[in-house]
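All chains are named by letter (A, B, ...) in the order of the sequence lines, taking the proteins before the strands, and each is independently numbered beginning at 1. Just so you know, these numbers use all the heavy atoms, side chains as well, and skip hydrogens, waters and symmetry mates.
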There are 2 protein chains.
Amino acid sequence: MPDGSLWTALADPHRRNIIALLLERPRPVGEIVEACGLSQPSTSKHLKVLREAGLVRVHQQAQRRVYALDSAPIAELDAWLAPYRQLWNERLDALGRRLDATSDATDSDTPKD
Amino acid sequence: MPDGSLWTALADPHRRNIIALLLERPRPVGEIVEACGLSQPSTSKHLKVLREAGLVRVHQQAQRRVYALDSAPIAELDAWLAPYRQLWNERLDALGRRLDATSDATDSDTPKD
DNA sequence: CCTGTACATTCCTTGACCGGAATATAACCA
DNA sequence: TGGTTATATTCCGGTCAAGGAATGTACAGG
């Protein structure tokens, strides 16, 4: 169940780095270890956090464990973001109108914003 | 400059709560304190984190300090999310094709996904 | 069966963060 | 200027996450 673990998982730069690596293509742990410059245990622990947050999935292949992104939580983030996206659209919209209004009006009702 | 402070700021549930409150409308600190159920100092500290992450702005009004959302970092988040959004669109697309294919094909190559 | 490879897990120490209490600061008002 | 309200900052104890070292586990090959 998606509690706050998604945000917690993404709060760490190394984990965001791993996520970015997996965006290019799925990778076994060894590759991630090299790319991150972290120790193998530390990397495995980060992978565990990402796994428990539902951000990645493992697919065993011989002795390798190949990690890949799972897109579901990303969608969740996007859903969280939606209301704020509206806000910023309104802002841009308002800015546009203001710029437009300055063409034929004196700044009598816009104190100092 | 936006370092990782944005993610760190949003990692805390209380701070996300504050953000949600400010989405409705700008509010003075006192209101936020009541709504959060946290102590005033603790709330002020969270507000400081949000401020330093660029997520909120203060507008002094008499003795009150009215906090409001700043939309810029939200846009930043959205930009970060963009590449992953692509990934998940591809997934949905693939799913759609698979559902479509099941209409005239036996499930011979879809083991247990 | 034994060895090596590829990961995961545990133990431990350190540093960061959280929350509350007390205190400091700033703005308004008489 | 002194007092009150509104907010910020500091200090402090407790908790939690991160990283390294050591160890455990699973799978392949000889």
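Of the side-chain N and O atoms in His46(A), none sit less than 4.0 angstrom from OP1 or OP2 of dA17(D). Contact between the side-chain N/O atoms of Tyr67(A) and the OP1/OP2 oxygens of dA8(C) is found at a separation under 4.0 Å.
Residue Arg65(B) contributes atom CZ, which lies 19 Å from atom P of dT5(D) at whole-angstrom precision. Computed from coordinates, the Gln40(B) CD to dA24(C) C1' distance equals 12 Å when rounded to whole Å. Per the geometry, NE2 belonging to His14(A) stands 14 Å off C1' belonging to dA17(D), to the nearest Å. Taking atom CG of residue Leu38(B) and atom C1' of nucleotide dC18(C), one finds them 10 Å apart after rounding to whole Å. One can place CZ of Arg64(B) at 12 Å from C1' of dT7(D), the figure rounded to the nearest angstrom. Summarising the geometry, the separation between CZ on Arg51(B) and P on dT7(D) is reported as 12 Å, rounded to the nearest angstrom. Regarding His59(A), its NE2 atom lies at a distance of 17 Å from the P atom of dA6(C), rounded to whole Å. One interatomic measurement links the two molecules: CD of Gln60(A) to C1' of dC7(C), which rounds to 9 Å at whole-angstrom precision.
Nearest to the side-chain atoms of Ser42(A) among the listed nucleotides dT9(C), dT10(D), dG19(D) stands dG19(D). When distances run from any side-chain atom of Val29(B) to the nucleotides dA8(C), dA8(D), dT10(C), the shortest one goes to dA8(D).
Using a 4.0 Å heavy-atom cutoff across all strands shown, Lys48(A) reaches sugar-phosphate atoms only and no base atom. Backbone-only contact: Ser39(A) has heavy atoms under 4.0 Å from sugar-phosphate atoms and none from a base. Residue Pro28(B) is classed as a sugar-phosphate contact, given heavy-atom separations below 4.0 Å to backbone atoms only.
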